[in-house]
2 protein chains.
Amino acid sequence: MKTQTKIIEAADQLFYEHGFEATSFAHIAEVVNISRGNFYYHFKTKDEILDAVILARLTRTESMLDQWEIEGDSAADRIKSFIKILIVNQTKIMKFGCPVGTLSAELIKLDHNAQDDANKLFTLFRVWLKRQFETLGHNENADQLAMHLLGRSQGVASLTNAFKDESYVQSEVNQMCDWVDQLTLKQIH
Amino acid sequence: MKTQTKIIEAADQLFYEHGFEATSFAHIAEVVNISRGNFYYHFKTKDEILDAVILARLTRTESMLDQWEIEGDSAADRIKSFIKILIVNQTKIMKFGCPVGTLSAELIKLDHNAQDDANKLFTLFRVWLKRQFETLGHNENADQLAMHLLGRSQGVASLTNAFKDESYVQSEVNQMCDWVDQLTLKQIH
DNA sequence: TTAAAATTAGGACATTTGTCCTAAAATATA
DNA sequence: TATATTTTAGGACAAATGTCCTAATTTTAA
């Protein structure tokens, strides 16, 4: 694997687990097993690494959404795929929270240039969800429903991170899935 | 005002606006207008300042909850007081997110000793809300309802911080208030 | 007024940070 | 094989960090 790719992947993980600010060149270098000075050849600044990490997350998220699009038989199923990442990634969310939400919050507090780019991750989910709700027949308020679900998912991630309560996640995921089913019924009638 | 109090208040604000890690002794010293070396007389370490800030937030939150307890005519009203902080503190939440959630998330990522203390802020709201839902007649699942509302509030704060959308906050607050009213009806029947 | 205590300013300290340079090594190309 | 290009290691650099010491100043108490 190319060194540049290794740097991005290591930084991606470290930024998620310890935050952008708390992760140093030295930390990444140790994981990748290269000398600190060698960084400069691949990335001029720490911000450039952040840009690359965000870009990597964007493309990874896009392909995940594409996958859900293919696998899901109905819009309701696809929305439930989104909801169930809370279960699939439960362990990581307990330890480090939501990768999208925590990065966004940190960059805003740092007043960092990349905060708009980081928010594109949120927008990716928002737009995708909106389209699903439109398919479900809720054209008039699809974006509102998307924001609602995105917000609830963020909230669950936040409290899961704080309280590490598995039954809470399960309960909230069930409620959200029920909510989607109710919206599906409304569409039929 | 005492220097120690001024340090705590300045740190409180800076930790909220820029995060704990990103706030340095120098930053606080500049706001309080004292020399950097003088810190050591009041606080031995940065962690001691954090402890003091968390303690200050805990007492401030407790008195706020007491106030809501006094002002609210019914449990439903009191719960709505909680929901409406999203509106009252809208401007700050847009800029810096929820002070409880963002601190908790940061300290967990830093694997900081004070993460349990910071979580007591969450617990304060959780226990208070639980008691309100019990008063509302939902004894069997009061804690679940409390966690549900706490989570939704966290989610709204998170997305408000990211998207800065006023109408989203208002819409979500209305939905949560309606939800409380429905729970109140269920209690009467 | 004088002595004691509390508070302050200023700077030393080792460490870490992001950034940047240069010479050596590895790889590719002719 | 010989040359050119890519990639690397190691360290220099100034700035900033949290921590800690000491002497001076201010405030309090006798």
Side-chain angles (χ1 to χ4, degrees), chain A residues 1-56 102-103 106-115 117-118, chain B residues 1-56 102-103 106-115 117-118:
Chain A
M1 202 199 301
K2 287 201 75 182
T3 305
Q4 190 160 344
T5 319
K6 285 199 279 184
I7 292 174
I8 295 172
E9 287 192 4
D12 190 350
Q13 191 176 336
L14 288 168
F15 290 173
Y16 177 40
E17 296 185 357
H18 305 110
F20 169 72
E21 179 96 341
T23 301
S24 69
F25 277 71
H27 292 137
I28 306 171
E30 199 181 17
V31 172
V32 181
N33 211 32
I34 58 167
S35 72
R36 253 175 62 246
N38 190 20
F39 264 103
Y40 196 69
Y41 177 76
H42 299 284
F43 299 97
K44 299 298 173 198
T45 64
K46 199 183 171 188
D47 289 355
E48 277 188 21
I49 302 182
L50 178 60
D51 291 340
V53 166
I54 292 174
L55 196 67
T102 54
L103 180 67
E106 183 184 1
L107 294 185
I108 291 171
K109 274 200 205 285
L110 294 177
D111 200 21
H112 196 285
N113 280 327
Q115 59 185 285
D117 287 324
Chain B
M1 203 199 300
K2 288 201 73 183
T3 306
Q4 190 159 344
T5 318
K6 285 199 280 186
I7 292 174
I8 295 171
E9 288 192 2
D12 190 350
Q13 191 177 336
L14 288 169
F15 288 172
Y16 176 42
E17 296 185 357
H18 305 109
F20 169 71
E21 178 96 341
T23 300
S24 69
F25 276 72
H27 292 136
I28 306 172
E30 199 181 15
V31 172
V32 182
N33 212 33
I34 57 167
S35 72
R36 252 176 62 247
N38 190 21
F39 264 103
Y40 195 68
Y41 178 76
H42 298 284
F43 299 98
K44 298 299 172 197
T45 65
K46 199 183 171 188
D47 290 354
E48 278 188 22
I49 302 182
L50 178 60
D51 290 340
V53 166
I54 292 174
L55 196 67
T102 54
L103 180 67
E106 184 185 2
L107 295 185
I108 291 171
K109 274 201 205 285
L110 294 177
D111 199 21
H112 196 285
N113 281 327
Q115 60 186 283
D117 287 325

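The sequence lines fix the lettering, A, B, ..., with proteins before strands; numbering per chain opens at 1.
- The CD-P distance, from B:Glu30 to D:dA16, rounds to 12 Å in whole Å.
- DNA chain C is contacted by both A:Thr23 and B:Tyr41; B:Tyr41 maps to the nucleotide lying nearer its 5′ end (nearest heavy atom per residue).
- Remark: B:Gln115 pairs with B:Leu107, B:Ile108, B:Asp111 by the side chain to side chain contact (heavy atoms under 4.5 Å, CB included) rule, at least two apart or across chains.
- Across the protein-nucleic acid pair, B:Ile49 atom CD1 and D:dT17 atom C1' stand 13 Å apart, rounded to whole Å.
- At D:dT8, none of the side-chain N or O atoms of A:Ser35 fall inside 4.0 Å of OP1 or OP2 (strictly under the cut-off).
- Distance, A:Leu50 CG to C:dG18 P: 12 Å, rounded to whole Å.
- Screening residues 32-56 of chain A for side-chain hydrogen bond (donor to acceptor under 3.5 Å, both in side chains), with sequence neighbours left out, gives A:Asp47-A:His112.
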Hey, what are the protein-to-nucleotides 19-26 of chain D N/O distances that come in under 3.5 Å?
unit_1, atom_1, unit_2, atom_2, d
D:dT19, OP2, B:Lys46, N, 2.8
D:dT19, O4, B:Arg36, NH2, 3.4

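- Not counting sequence neighbours, A:Phe43 has no partner by the ring pair (Phe, Tyr, Trp, His ring centres under 6.0 Å) test.
- Atom P of nucleotide D:dA16 and atom CD of A:Glu21 are separated by 14 Å, given to the nearest angstrom.
- Judged as a ring pair (Phe, Tyr, Trp, His ring centres under 6.0 Å), and not counting sequence neighbours, the contacts of B:Tyr16 are B:Phe96.
- The interatomic distance linking B:Gln4 (CD) with D:dT27 (P) rounds to 18 Å, in whole Å.
- In this structure, B:Thr3 reaches the C:dT8 phosphate: one of its side-chain N or O atoms is under 4.0 Å from OP1 or OP2.
- Side-chain atoms of B:Glu106 come within 3.5 Å of backbone N or O of B:Phe20 as a donor-acceptor pair.
- With rounding to whole Å, A:Glu48 atom CD is found 14 Å from C:dG18 atom P.
- Here the closest heavy-atom approach between residue B:Val31 and residue B:Leu14 is recorded as CG2-CD1, 4.0 Å.
- Rounded to an integer number of Å, the gap from A:Met1 CE to D:dT7 C1' is 17 Å.
- The salt bridge (Lys or Arg N to Asp or Glu O under 4.0 Å) analysis of residues 10-19 of chain B, with sequence neighbours excluded, yields the pairs B:Asp12-B:Arg57, B:Asp12-B:Arg60.
- Distances shown here put every side-chain N or O of A:His42 at or beyond 4.0 Å from the OP1 or OP2 atom of D:dT6.
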